[in-house]
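Reviewing the structure listed below.
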2 protein chains.
Amino acid sequence: MEFEKIADIFKALADPTRLKILSLLRTRDCCVCELVPIFKISQPAISKHVSRLKTAELVRETRKGQWVFYSINEKRLEEIGYALSHLPDLTEELRKLEQQGLTVTCE
Amino acid sequence: MEFEKIADIFKALADPTRLKILSLLRTRDCCVCELVPIFKISQPAISKHVSRLKTAELVRETRKGQWVFYSINEKRLEEIGYALSHLPDLTEELRKLEQQGLTVTCE
DNA sequence: AAACCATATAACCATATTGTTATTTGTATA
DNA sequence: TATACAAATAACAATATGGTTATATGGTTT
């Protein structure tokens with residue numbers, strides 16, 4: 001995965017409200033109207049947060065009548081840990097730097 | 001770890017430049033002046049990025065003469081994967097919601 | 001069809017983020 | 001001591017983020 005894409009997923013996780021939503025969804029699927037009274041923010045704010053999580057594929061949505069239930073995508077969460085330990089390798093960049101004589105050695 | 005604190009660590013990771021710096025540091029320790037020619041941004045910009053990584057304890061710094069070398073803190077990176085799979089449990093919040101009759105059941 | 005409820009979107013505002021250039025601080029060296 | 005280089009900090013600008021209220025959309029119910 002590219003640095004940009006990995007950063008986008010981390011951006012989706014870089015907010016306490018969204019992390020809390022993910023934790024709640026781990027206990028059970030929830031709809032927006034259940035999440036609203038748990039947080040001290042408006043319904044549109046919650047709606048935008050879950051939408052951000054959906055774009056990052058961290059949650060999925062299922063409409064049930066007038067409600068939209070959100071569920072956690074555990075596979076995606078596992079992918080993140082993997083991405084962190086397998087960031088694109090940049091050894092080549094450092095080799096180029098060395099060829100240009102831009103490396104610093106001090107001993 | 002609190003949601004706020006976890007979010008702060010993810011914020012530090014939520015930028016492609018910082019992720020790239022971490023990847024470079026995985027190959028070997030680098031000083032700021034080595035990082036600058038690799039990226040298309042100014043020295044102060046790089047300096048601020050490594051500073052952000054340092055605040056999040058994702059890197060450590062060691063001064064060697066006029067250079068400051070940065071090294072990756074792999075332990076901290078491992079902590080992140082752990083934090084993600086062990087987010088604070090909110091079952092209690094959902095129980096309260098149920099007591100207030102605010103849960104939605106549709107079947 | 002009309003009213004109702006849940007959710008999404010629009011328009012907007014305050015603050016945070018990420019870059020810039022100019023300057024300061026710390027260390028080494030002529 | 002004066003000069004030079006590395007890195008950090010200050011002041012600032014453009015854009016992104018996260019909240020608000022008002023409104024639109026989708027589906028249910030009377």
Side-chain angles (χ1 to χ4, degrees), chain A residues 3-5 7-22 25 29-56 58-71 97 101-107, chain B residues 3-4 7-22 24-25 29-56 58-71 97 101-107:
Chain A
F3 289 109
E4 283 283 354
K5 280 208 171 188
D8 281 342
I9 300 173
F10 282 124
K11 271 177 206 168
L13 291 169
D15 177 274
T17 302
R18 287 195 291 272
L19 286 176
K20 206 167 167 181
I21 290 173
L22 285 178
L25 296 185
D29 297 1
C30 293
C31 55
V32 173
C33 68
E34 288 179 311
L35 296 172
V36 171
I38 294 174
F39 298 89
K40 289 173 191 71
I41 57 175
S42 65
Q43 172 269 315
I46 295 289
S47 187
K48 277 201 286 186
H49 279 304
V50 292
S51 170
R52 194 112 166 54
L53 290 171
K54 200 183 71 173
T55 302
L58 289 160
V59 304
R60 297 190 202 289
E61 65 169 46
T62 319
R63 181 173 275 278
K64 285 188 184 174
Q66 58 187 328
W67 298 281
V68 177
F69 278 80
Y70 287 90
S71 57
L97 201 73
L102 294 172
T103 54
V104 173
T105 25
C106 54
E107 238 72 44
Chain B
F3 288 109
E4 283 284 355
D8 282 342
I9 300 172
F10 282 125
K11 271 178 205 167
L13 291 168
D15 178 275
T17 301
R18 288 195 292 272
L19 286 175
K20 206 168 168 181
I21 290 172
L22 285 177
L24 286 161
L25 295 184
D29 296 0
C30 293
C31 56
V32 172
C33 69
E34 288 178 312
L35 295 173
V36 171
I38 294 174
F39 297 89
K40 289 173 190 73
I41 56 176
S42 66
Q43 174 268 316
I46 296 288
S47 187
K48 277 199 287 184
H49 278 304
V50 292
S51 169
R52 193 111 166 57
L53 290 171
K54 201 182 69 174
T55 302
L58 288 161
V59 305
R60 296 190 203 287
E61 65 170 47
T62 319
R63 181 172 276 277
K64 285 188 185 174
Q66 60 187 329
W67 299 279
V68 176
F69 279 80
Y70 288 89
S71 57
L97 202 73
L102 294 170
T103 52
V104 173
T105 26
C106 55
E107 237 72 46

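Letters A, B, ... are given to chains in the order of the sequence lines, protein chains preceding strands, and every chain is numbered from 1. It should be emphasised that the depicted structure is a prediction, and the values quoted were computed from it without experimental measurement.
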Side-chain heavy-atom pair B:L22, B:L13 within 4.5 angstrom cut-off: yes

Taking atom CG of B:L24 and atom CD1 of B:I38, what is their separation to the nearest 0.5 Å? 4.5 Å

Could you give the CZ-to-C1' distance, from A:R18 to D:dA16, as a whole number of Å? 12 Å

Pairwise distance OG1(B:T17) to NZ(B:K40) - rounded to 0.5 angstrom: 10.5 Å

Between P on C:dT7 and CZ on A:R52, what's the gap in Å once rounded to a whole number? 21 Å

Taking the side chain as C-beta and beyond, is there a heavy-atom pair between B:Y70 and B:V32 under 4.5 Å? yes

What is the distance, to the nearest angstrom, from the CG atom on B:D15 to the C1' atom on D:dT15? 13 Å

Should the side chain of A:Q43 and the base of C:dA6 be counted as holding a donor-acceptor pair, with the cut-off at 3.5 Å? no

Listed nucleotide nearest any side-chain atom of A:V68, set D:dT17, C:dT7, D:dA6: C:dT7

Less than 4.0 angstrom between a side-chain N/O of B:S42 and OP1 or OP2 of C:dG19, yes or no? no

Which residue, A:K40 or A:K11, contacts DNA chain D at a nucleotide closer to its 5' end, judged by nearest heavy atom? A:K11

Taken to the nearest 0.5 Å, the spacing of B:L58 CG from B:I9 CD1 works out to 7.0 Å

In residues 44-51 of chain A, which residues come under 4.0 Å of DNA chain D by heavy atom? A:P44, A:A45, A:K48, A:H49

Where do N or O atoms of nucleotides 26-30 of chain D meet protein N or O atoms at under 3.5 Å, pair by pair?
none

Distance, rounded to the nearest Å, where B:W67 contributes CH2 and D:dA4 contributes P: 17 Å

Respond yes when some side-chain nitrogen or oxygen of A:Y70 is under 4.0 Å from OP1 or OP2 of C:dA6, and no when none is. no

Separation of C:dT7 C1' from A:E61 CD (nearest whole Å): 10 Å

Taking all heavy atoms of B:F69 and all of B:C31, pick out the closest pair and write down the distance. CD2-N, 3.9 Å

Test side chain to side chain contact (heavy atoms under 4.5 Å, CB included) applied to B:S71 and B:L25, step by step: CA-CA 6 Å; B:S71 57; B:L25 295 184; over 6 Å; no

Can you measure from CG (B:L97) to OG1 (B:T103) and round to the nearest 0.5 angstrom? 6.0 Å

Scan the side chains in residues 43-53 of chain A for donor-acceptor partners under 3.5 Å anywhere in the protein, sequence neighbours excluded, and list what turns up.
{"from": "A:H49", "atom 1": "ND1", "to": "A:R18", "atom 2": "NH1", "distance (Å)": "3.0"}

Over how many whole Å does the gap from A:I41 atom CD1 to C:dT15 atom P extend? 17 Å

In whole angstrom, give the distance that lies between atom CZ of B:F39 and atom P of C:dG19. 10 Å

Integer-rounded Å distance: C:dT17 P and A:F10 CZ: 17 Å

